[in-house]
Amino acid sequence: MSQNSEKFPVWYEHIHTCAQSGARLGRVHTPHGTFMTPAFMPVGTQATVKGMSPEEISGMGAGIMLSNTYHLWMRPGSDIVRDAGGLHKFMNWKGAVLTDSGGFQVFSLAKPKDIVEEGVHFKSHIDGSKQFLTPEKSMEIQKDLGADIIMAFDECTPWPCEYDYAKRSLERTTRWLARCIETHDNTENQALFGIIQGGTFPDLRRQNAKEITSYDLPGFAIGGLSVGEPGELMYEMLDETVPLMPWDKPRYLMGVGTPDYLIEGAIRGIDMFDCVIPTRIGRNGTVLTRKGRLIVRDAKNARDYTPIEDNCDCYVCKNYTRAYIRHLLKADEMFGLRLCSWHNLHFLLKLMEEVREAIAKDRLLDYRNEFFEDFGYKKKV
RNA sequence: GGGAGGAUUCCCGAGCGGCCAAAGGGAACAGACUGUAAAUCUGUCGUUGUUAACUUCGAUGGUUCGAAUCCAUCUCCUCCCA
């Protein structure tokens, strides 16, 4: 049993290291249950994974989901969630919850001059009102929301980005982390994760990884990747960063991703991932398959009476055809959006299950090769 | 029987002498989507040899340098009065 089990409300239990790849098979314990890692976390920005019920999500095997500080702060207000008894009760989700700090959203709403040492000035996307988010405020809101894992308030450095900007940004993010730690007082129930930035610069990544992980926190995340840079560059950054992260704590790669990134991330020692891809592209009529993405909405599926995937055991593939789903999408029926989201979520959760199985059998590299070659995945996944 | 209005590219619909292959919707087709301002956004949407040419705005004929736009006749539709 890890010594972190007594120190933090969320802790990592290591089970096995893949002899072939070095990937980790583990278990993360939280006040709201345990989930196996590497894990994919569905995103439920506004206290709901768009279109899906909590039962459906957990039924697919998800043990943890994301929600968002910024969105719930703006609407309905973090006090309402707090008074409801926290996010878990509010949305009737039995598993673990992780809230993002709001930094990712706020930076997209702010102008460069509105980003100051104290925090970020920005305008609400809902009513245009002027708002100000600081590390302290983010911690207060996340305390109200009551997630098991809360994230430090950081700047997700964009790509491409000048070295100097990435450096200044990361230094500020590091100072903000100290303020988050200072403010965070619900340490018995909520685990604060620090976030490593550094753009696509190896030395900055290494430097920041050391700085951030010097704080005794229950977990760490890698942010600012998968923001448009080439995949190879992201892998390179992971190779620079992950080895510097503590072995006995969960490692979370934020905002990732697509099937190929999930597998490559796991190979490089990542335990947790999240991404809006399955639900977003699902709502927009695209599904993930073993042979790449399929735009179900396209005319070629009009008379295709086969499931999205022949060998898929998800609810959607067992019961509905491409032709039917395409019809629903073309007719703007909400069930079509649900079915696509459903299949995509199942696809990624199942993928992670297979990744974990491959780690247990010391064959994750083989699995990766099979996935890419045998199943026809090329570059675009 | 008399009077009025109208027929526009797949559909609806703007245009009322040149800047019109013809606004804007819709449909259709294709693409994008990576810590969700996303059931969103982008592109194509008469034909071809596509920085251009050709055919098109109910039909035919006419006026004009030039017509979807003006005139005449015809066909069909809608409405009002008998």
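In what follows, every heavy atom counts, from backbone to side chain, and hydrogens, waters and symmetry copies are set aside. All chains are named by letter (A, B, ...) in the order of the sequence lines, taking the proteins before the strands, and each is independently numbered beginning at 1.
- In this structure, of B:A30, B:A32, B:C33, it is B:A32 that holds the atom nearest to the side chain of A:I295.
- Listed by chain and residue number, A:D216 satisfy the salt bridge (Lys or Arg N to Asp or Glu O under 4.0 Å) test with A:K7 (two or more places apart in sequence, or in another chain).
- Atom CZ of A:F347 is separated from atom C1' of B:U34 by 15 Å (rounded to the nearest Å).
- For the pair A:K330 and B:C29, the criterion of a side-chain N or O lying under 4.0 Å from OP1 or OP2 is met.
- Partner of A:E354 under the salt bridge (charged side-chain N to carboxylate O under 4.0 Å, His left out) criterion, chosen from A:R363, A:R368, A:R290, A:K361: A:R290.
- Annotation: B:C20 and B:C54 have their C1' atoms spaced 15 Å apart (nearest Å).
- The salt bridge (Lys or Arg N to Asp or Glu O under 4.0 Å) check on A:K50 picks up nothing, with sequence neighbours excluded.
- Comparing B:C33, B:C29, B:G31 by their nearest atom to the side chain of A:R326 picks out B:C29.
- Here the separation of B:C19 from B:A53, taken at their P atoms, is 13 Å to the nearest Å.
- Between A:P38 and A:V355, the closest heavy-atom pair is CG-CG1, 4.3 Å.
- Side-chain N/O atoms of A:D274 and A:Y252 include a donor and acceptor closer than 3.5 Å.
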Seminar exercise, completed: With B for base contact, S for sugar-phosphate-only contact and - for none (protein heavy atoms under 4.0 Å), nucleotides 35-40 of chain B reads BBBBBB
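- On the C1' atoms, B:A22 is 11 Å away from B:U69, given to the nearest whole Å.
- Under a cutoff of 6.0 Å and an axis angle of 45°, A:R268 and A:Y235 form a cation-pi pair.
- Under the Watson-Crick or G-U wobble criterion, with both distances below 3.5 Å, B:U51 is left unpaired in every strand shown.
- The nucleotide B:U64 finds no pairing partner, because no Watson-Crick or G-U wobble arrangement with both distances shorter than 3.5 Å includes it.
- Searching all strands for a Watson-Crick or G-U wobble partner of B:A37 with both distances below 3.5 Å returns nothing.
- Taking atom P on both nucleotides, B:A32 is separated from B:U47 by 24 Å, rounded to a whole Å.
- Look at B:A53: its glycosidic torsion is beyond 90° from 0, and that puts it in the anti range.
- When the P atom is compared between B:G31 and B:G25, the two are found 23 Å apart, to the nearest whole Å.
- With a 3.5 Å ceiling on both atom-pair distances, the Watson-Crick or G-U wobble partner of B:U44 is B:A28.
- Distance, A:L345 CG to B:U34 C1': 14 Å, rounded to whole Å.
- Using the Watson-Crick or G-U wobble rule with both distances under 3.5 Å, B:G5 pairs with B:C77.
- Within the model, atoms CD of A:E370 and CG of A:L365 stand 11.0 Å from one another, a figure rounded to the nearest 0.5 Å.
- Between B:A7 and B:U55, the two P atoms lie 25 Å apart (nearest whole Å).
- B:C57 and B:C10 are spaced 12 Å apart, taking the P atom of each and rounding to whole Å.
- A straight line from CG of A:L288 to P of B:U34 spans 13 Å, rounded to a whole angstrom.
- Under the Watson-Crick and G-U wobble criteria, each requiring two contacts below 3.5 Å, nucleotide B:A21 is left unpaired.
- At least one test fails for A:R251 against the ring of A:F193: distance under 6.0 Å to the centre or angle within 45° of the axis.
- Taking the C1' atoms as reference points, B:A21 lies 13 Å from B:G15, given to the whole Å.
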